[in-house]
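Scroll down for the structure; my scribbles are underneath it.
Naming convention: chains lettered A, B, ... in sequence-line order (proteins, then strands); numbering from 1 in each chain. Just so it is clear, the structure is predicted and the values come from calculations on it, not from any experiment.
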Amino acid sequence: MSALEITQLIGIASLLIGSLAVIFGALGLLRLGDVYQRMHGAGIVDTGGAGLILFGLLMLSPDWTVTVRLILIGFILVMTGPTATHAIARAVRVSDQEPDNVSETKTKKRGRG
Amino acid sequence: MSSLAGQWNYFLVIALMMIGFYAVIARGNMVKKMVGLTIFQTSVFMLYISMGKVSNGTAPILTGDPQTLYANPLPHVLILTAIVVGVATTAVGYALIIRVYESYGTIEDDELIKMIEAEDAEDSEDMNGETQSA
Amino acid sequence: MSGFLVNASLISLLTLIAILALRLHRLFAVVMLSGAFSLVAATLFVVLDAVDVAFTEAAVGAGISSILALATLSLVPAEEKPHSIAFVPAFLALATALMLAVAVTDLPAFGDVNAPIHNHVAPEFIKGSAEDIGIPNVVTSVLASYRGYDTLGETVVIFTAAIAVLLVLGGYTRPHRRKIKSRKKGEDKNAG
Amino acid sequence: MQDDPVIRVVSKVMIPTVMLFALYVQFHGDYGPGGGFQAGVIFASAFVLNAMIFGLNRGRHVWPANLNLLAICAGVLLYGLTGIASLFLGANYLDYDVLGATAKSGQHIGILLVEFGVGLTVASVMVALFFTFAGRLTHIRLMSKMQAHEEASPPASKTKTKAKKAGGRS
């Protein structure tokens, strides 16, 4: 197997895994409880999904101009994605929405046991 | 029937368009009306762009190869300007909604109509009173 | 066939978003859904080979339009009064859909190369963009040169809309603060 | 949000990037997707981001309202004057062939000018729309203050507003 085929294989595999990550992130966004939990789903889409898809496209890119553009897009995604999630979390915190007391009840139970 | 099979895209767009149309004419809340109008507008854009599509064609950016098929650039130009004009006119709509809320305290259609009718009734009563006293 | 699958799934996603936006009563969610609608519509425009339009839709529909709607919602109530299904408008919409569907059957097939729209002026524009203007992006050359009058008109419409908003809402240039100051000066003179 | 270090630092990296990208879209519009309309909206979004993070007042200082109104008019005027320039050079309105040495270079100059006019108009219109919508509350407050000022008797109101102003400044 030549080096070219191996890079292509890696690219296709990471594209597939990235799409799966996006799907699971979307599922999490739909199914999880309060805003704080849902942000974990959004985080998977932002970093895992978009990052892996970008990496796969980088492996498959036919031309160095495309590579440069993909790296720039990756830079912007790395800068904006976590910041957006952080801003949402901050906005929720400022608007005084308490998280669902899932962990609290659990720790209480543990303390009793 | 063969022609029907070739026009599936248009039918799907029409379904979308009618959702926006329903939102505009059935919903009383003005912001909801504006969102419905945006949906309606975007589906009209889709109808135009669908007409410009050429099978096996590419985007209308010249490649230098004379064999390439290009999508029709004319609808693209019309819609490109229409999108930006659309957001500018939508902004006028939102500005009017804000003013309506500031003067009447509601943005629901039926409540507004009631208030305006009540005002009209008061005005006509005042007019009657004035004419009688005169 | 793959084109059909991609288009149909994108448009059904759009339909889903539109129905959800219609049913929800919290207007903040409705506005965010309309932003999502614009983003998916931009994807559909890329599939339909209209890259410039997709670019504009993504920047305008998902960006500025959502921001303006959110700014409006900070000034008006963000909750809609619950409504039941209105039957007369639903019937009207269905009837219009039927009429449009009948009318659409007269159109040439989707993606047909020999459709009249592709044989009238479009070939001249594509040929002239390379020979007369020397610009690879045909959309730009049609926008700015062949249909320059049209774009001038659209620019004036944007200008007029901005002036209308500034007149209706006011307060952008704050002339009244200066007025207050000048009035105060006048009062001081009167007092003195 | 200006007290949040994460958002502040990232915005300081992103705002120039967004502006650079807008310029790229504006001047690369001849060769790839892009043009005045898209570039204007992207350029405006940089100002909107700035105003959302650092507050409306500081946003207004970056791009003052009077300058912005001038820019709106200048964009439309640039478009119209390009047409008039070709009219004076002996061609039809908005026929760019005569603007350059050859027809092709003339078209290039004309399209560049026209797209720049469109971009200037769209960018400043979007900034103006955002500041008008977001500044509506302050505007109402100012208006009511002015009304109160007018309704109260002049000497009493003078001391009141002076006190208010001093309080607001400190």
Please flag which part of D/Tyr96 lies under 4.5 Å from any non-hydrogen atom of chain C: side chain, backbone, both or neither.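 It is the side chain, since no backbone atom gets that close.
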In terms of heavy-atom proximity below 4.5 Å to chain D, should [X] be classed as side chain, backbone, both, or neither?
{"X": "C/Asp52", "value": "both"}
{"X": "C/Ser129", "value": "neither"}
{"X": "C/Ile133", "value": "both"}
{"X": "C/Leu75", "value": "side chain"}
{"X": "C/Ile64", "value": "side chain"}
{"X": "C/Val60", "value": "both"}

Shortest non-hydrogen contact from [X] toward [Y]:
{"X": "C/Leu143", "Y": "D/Glu115", "answer": "CD2-OE2, 3.7 Å"}
{"X": "C/Ala71", "Y": "D/Phe133", "answer": "CB-CB, 3.8 Å"}
{"X": "D/Val114", "Y": "C/Ala144", "answer": "CG1-CB, 4.2 Å"}
{"X": "C/Ile135", "Y": "D/Asp30", "answer": "CG2-O, 3.1 Å"}
{"X": "D/Leu129", "Y": "C/Ala162", "answer": "CD2-CA, 4.4 Å"}
{"X": "D/Lys104", "Y": "C/Glu131", "answer": "CE-O, 3.1 Å"}

Residue D/Phe116 excluded, over 12 heavy atoms near CZ under 6.0 Å
no
Margin query: Looking at C/His25, I want to see if its NE2 is surrounded by more than 12 non-hydrogen atoms of other residues, nucleotides or ligands under 6.0 Å.
Written below: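 Counting neighbours around NE2 of C/His25, more than 12 heavy atoms of other residues, nucleotides or ligands fall under 6.0 Å, so yes.
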*asked:* Run the side chain to side chain contact (heavy atoms under 4.5 Å, CB included) test on C/Phe55 and D/Ile42 for me, step by step, so that the C-alpha distance in whole Å, both residues' side-chain angles and the decisive distance to 0.1 Å come before the verdict.
replied: CA-CA 10 Å; C/Phe55 199 168; D/Ile42 295 169; 3.8 Å; yes
Can you tell me how far apart [atom1] ([X]) and [atom2] ([Y]) are? Round to the nearest 0.5 Å.
{"X": "D/Leu94", "Y": "C/Tyr149", "atom1": "CG", "atom2": "OH", "answer": "6.0 Å"}
{"X": "C/Leu166", "Y": "D/Phe131", "atom1": "CG", "atom2": "CZ", "answer": "12.5 Å"}
{"X": "D/Thr132", "Y": "C/Leu68", "atom1": "OG1", "atom2": "CG", "answer": "9.5 Å"}
{"X": "C/Ile158", "Y": "D/Ser124", "atom1": "CD1", "atom2": "OG", "answer": "10.0 Å"}
{"X": "D/Ile140", "Y": "C/Leu169", "atom1": "CD1", "atom2": "CG", "answer": "9.0 Å"}
{"X": "C/Thr140", "Y": "D/Phe37", "atom1": "OG1", "atom2": "CZ", "answer": "11.0 Å"}

| query | Has the side chain of D/Tyr79 got a donor or acceptor atom that lies under 3.5 Å from a matching backbone atom of C/Gly153? | reply | no
- Test item: C/Ile67 and D/Val48 side chains (from C-beta on) under 4.5 Å apart, heavy atoms: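 SC-SC contact between C/Ile67 and D/Val48 confirmed.
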From the list C/Thr56, C/Val46, C/Val53, C/Val51, side-chain contact (heavy atoms from CB on, under 4.5 Å) partner of D/Pro33 resolves to C/Val51
Which of D/Val122, D/Val125, D/Val118, D/Leu120 passes side-chain contact (heavy atoms from CB on, under 4.5 Å) with C/Thr155? It is D/Val118
Highest number of heavy-atom pairs under 4.5 Å with chain C among D/Gly32, D/Gly75, D/Ala103 belongs to D/Gly32
